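Beneath this line is the structure, given in structure tokens, with notes to follow.
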Number of protein chains: 2
Amino acid sequence: MTSLSIAEAAERTGLTAHTLRYYERDGLLLHSVDRAPSGHRRYTAEDLRWIQMVTRLRATGMPIRDVRRYAALVREGDGNEAERLGLLLAHREVVERQLAEVTGHLRAIDHKIALYENKVAPTA
Amino acid sequence: MTSLSIAEAAERTGLTAHTLRYYERDGLLLHSVDRAPSGHRRYTAEDLRWIQMVTRLRATGMPIRDVRRYAALVREGDGNEAERLGLLLAHREVVERQLAEVTGHLRAIDHKIALYENKVAPTA
DNA sequence: CTTCGCCTTCGAGCGCGCTCCAAGTCAACC
DNA sequence: GGTTGACTTGGAGCGCGCTCGAAGGCGAAG
């Protein structure tokens, strides 16, 4: 089994078949997915690896358009590594800022939680 | 100065005046904001404190409808502290799961970044 | 008294990221 | 040969969270 149907690819990536088609249409993949003689998509292991990278970028909040831009750079081939790096570094900063912000807010919420815990089931 | 105009409240909360009105309309505040004789909103320090809590919940990803439910519980007054606590605890779990997931993905992205850094400016 | 600027309401509009529907093709099984 | 079911496409629709536009009111400055 060297290639997977869209249903199988969906299962392995955790995306839906709808989303996989949408990503392809929207230029988030490196190239059109191969087709079986029937016209059905056939995903290779390489496709899945790239989709996993896309998933990581998306899960960390990168907008679709930036993923598309990153995909375009990779598609272009060697020579633009500095630009790819810049894109990823910029993204990392955004994510870290967000993590810090969320963590801070979470601490404040935890404080509130502690107050309610005392009210609901006072210790001693 | 014991109360603020919507513009001032916007500045202090980091929200827009549009968003402040929207939150009020949508039931995220504990009660309608007081009005000056002119009909203009006047925000009290207490209003701002509550709005800050709303902001923390929103910034950590709590959906509007859940914030609304939490606001409704607080509005009801004493007696439902356990339910409020439950809501906050559930939210905390979601946030922590998300932080862990994002952190994990970020580590993988960092690995990719390291590869590009070697390619772009090889050490040694 | 006029102008300016901040405020009001109501309701429409928008950007994002999917999500789904309709109509059709094709392969395999009974 | 007929039925089933996974797939195809193009395009519409949706939920979320704002965001904005239109039309008008009020109050202070000149």
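Since the structure is predicted, the reported quantities are computational estimates derived from the model, not experimental observations. Within every chain, numbering begins at 1; the chains are lettered A, B, ... in the order of the sequence lines, protein sequences first and strands thereafter.
Residues meeting the side chain to side chain contact (heavy atoms under 4.5 Å, CB included) test with E93(B), sequence neighbours left out: R97(B).
The nearest whole Å value for the distance from the CG atom in D26(B) to the C1' atom in dT19(D) is 14 Å.
Taking Ile, Leu, Val, Met, Phe, Trp and Tyr as members and joining any whose side-chain heavy atoms lie under 4.5 Å apart, directly or through other members, V94(B) forms no hydrophobic cluster with any other residue. Here V102(B) is tied into one hydrophobic group with V95(A), L99(A), V102(A), L106(A), V95(B), L99(B), L106(B), each link being a pair of ILVMFWY side chains closer than 4.5 Å.
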Please tabulate, for side-chain N and O atoms in residues 53-65 of chain B, each donor-acceptor pair with protein atoms closer than 3.5 Å (sequence neighbours left out).
from: T55(B); atom 1: OG1; to: I51(B); atom 2: O; distance (Å): 2.8
from: R56(B); atom 1: NH1; to: H105(A); atom 2: ND1; distance (Å): 3.0
from: R58(B); atom 1: NH1; to: M62(B); atom 2: O; distance (Å): 2.4
from: T60(B); atom 1: OG1; to: R56(B); atom 2: O; distance (Å): 2.8
from: T60(B); atom 1: OG1; to: L57(B); atom 2: O; distance (Å): 2.8
from: T60(B); atom 1: OG1; to: H91(B); atom 2: NE2; distance (Å): 2.7

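For residues 34-76 of chain A, every residue pair satisfying the ring-ring contact (aromatic ring centres under 6.0 Å, His included) rule, not counting sequence neighbours, is listed here: W50(A)-Y70(A).
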Seminar exercise, completed: B/S/- along nucleotides 6-20 of chain C (protein heavy atoms under 4.0 Å) is -SBB-B----SBBBB

